[in-house]
Protein chains: 2
Amino acid sequence: MTDSSVTGLSRRERQILDILYSRGKATAAEILAALPDPPSYSAARALLRILEQKGHIRHESDGPRYIFLPKVSRQKARASALKHMLTTFFDGSAAEAAAALVDGSAAKLSSEELDQLQAVIDKARKEKSND
Amino acid sequence: MTDSSVTGLSRRERQILDILYSRGKATAAEILAALPDPPSYSAARALLRILEQKGHIRHESDGPRYIFLPKVSRQKARASALKHMLTTFFDGSAAEAAAALVDGSAAKLSSEELDQLQAVIDKARKEKSND
DNA sequence: ATGGTCATGCTAAATAATTAGCATGACCGA
DNA sequence: TCGGTCATGCTAATTATTTAGCATGACCAT
């Protein structure tokens, strides 16, 4: 896993890739609309071409237009993003990060969500005893 | 909270800010050493000057050299980074993100850490009942 | 006190990123 | 079938970023 998957992207490239990861897939027009401080359509297209050429995204044809998708799965991208976040902001501690998510003002978890998370913890405990 | 705090940085600027957030503070030489594909010392210095001018970092004097620090607290930077990560990779769900942290291959949590996290969840439940 | 080391600042050049312009082709409705 | 709309691709120019070079000053050891 190269670090350049994160650091190797220019600002616009990142913005576009973020949009694609949050939406799963999108047309050029949708991406343009979602871009902060949106440039011309041409500019967006050019970026998409570059991203594709670099191997970060691919496209499918949907009739007259293209649908763009990330080439690396959301799962994998997630994992590297989390890892990067851990080392940058949490001294590598997943526990602290998880706590910040539950505790943090950014989130209000429902009791259902708390239950789910509880289940994940219990599962982790169980797996631990099987070592 | 402007989005540009994230998207408004160039590649090198981000790399440097990440280093500063992960270490808390650093000298120019340390930052240079930590940079991926490190440029010249002069180049690193120039970036630091720009970041300072843009208001992202500041410096203190430690004898003959400067110590650079982020201007926005780690806490706040954390919060925006988490938020951004949630919307990009977890459909805004903090619960899913927390689960990924506990469950994910990126992390092996100790039972102590699991206990801590458990406590945070219990606390959240309790606060919920006080609504 | 002189030369080496290590820090700083500033500036200009090279490189990379971003942008818009224009050409082309498919399709649909008048 | 003609004209408008909306896609596409390619290319060149602008703008931003990144880079290294050089000057200066402090400090330490010879």
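Please read all numbers here as calculations on a predicted model, not as lab measurements. Protein chains get the first letters and strands the later ones, always in sequence-line order, with residue 1 at the start of each.
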Tell me the closest heavy-atom pair linking Phe90(B) and Arg74(A), and the distance in Å.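 Reported closest heavy-atom pair: N-NH2, 3.9 Å.
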Rounding to an integer number of Å, can you tell me how far [X] [atom1] sits from [N] [atom2]?
X: Asp37(B); N: dT17(D); atom1: CG; atom2: P; result: 19 Å
X: Gln53(A); N: dT8(D); atom1: CD; atom2: P; result: 17 Å
X: Ile31(B); N: dA7(C); atom1: CD1; atom2: P; result: 12 Å
X: Arg45(A); N: dT11(D); atom1: CZ; atom2: P; result: 15 Å
X: Gln15(B); N: dT17(D); atom1: CD; atom2: P; result: 14 Å
X: Leu48(B); N: dC10(C); atom1: CG; atom2: C1'; result: 15 Å
X: Leu9(A); N: dT18(C); atom1: CG; atom2: C1'; result: 15 Å
X: Ile50(B); N: dA12(C); atom1: CD1; atom2: P; result: 15 Å

Under 4.0 Å between a side-chain N or O of [X] and OP1 or OP2 of [N]?
X: Arg11(B); N: dA16(C); answer: no
X: Tyr41(A); N: dG21(C); answer: no
X: Arg12(A); N: dT19(C); answer: yes

[X] side chain, from C-beta outward: closest of [options]:
X: Leu47(B); options: dT18(D), dT8(D), dT18(C); value: dT18(D)
X: Ser40(B); options: dT18(C), dT8(D), dA20(D); value: dA20(D)
X: Ser42(B); options: dC10(C), dG21(D), dT8(D); value: dG21(D)
X: Tyr66(A); options: dT8(D), dT19(D), dT18(C); value: dT8(D)
X: Glu13(B); options: dT18(D), dT8(D), dA7(C); value: dT18(D)

Under a 4.0 Å N-O cut-off, is there an ion pair linking [X] with [Y]?
X: Asp37(B); Y: Arg12(B); value: no
X: Glu96(A); Y: Arg78(B); value: yes
X: Lys25(A); Y: Glu60(A); value: no

Pro64(B) or Arg49(B), whichever maps to the more 5' nucleotide of DNA chain C: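 The residue closer to the strand's 5' end, by nearest nucleotide, is Pro64(B).
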When all nucleic acid strands are considered with a 4.0 Å heavy-atom cut-off, which category describes Ser10(B): base, sugar-phosphate, or nothing?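 Since only primed, P, OP1 and OP2 atoms lie under 4.0 Å of Ser10(B), the category is sugar-phosphate.
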Using a heavy-atom cut-off of under 4.0 Å over every strand shown, decide if Ala29(A) touches base, sugar-phosphate, or nothing.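 No contact.
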Between His59(A) and Glu52(A), does any side-chain donor sit less than 3.5 Å from a side-chain acceptor?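 Per modelled atom types, His59(A) and Glu52(A) side chains form a pair under 3.5 Å.
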Between Ala46(B) and Ala46(A), just flag the one whose closest nucleotide in DNA chain D comes earlier from the 5' side.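 Result of the comparison: Ala46(A).
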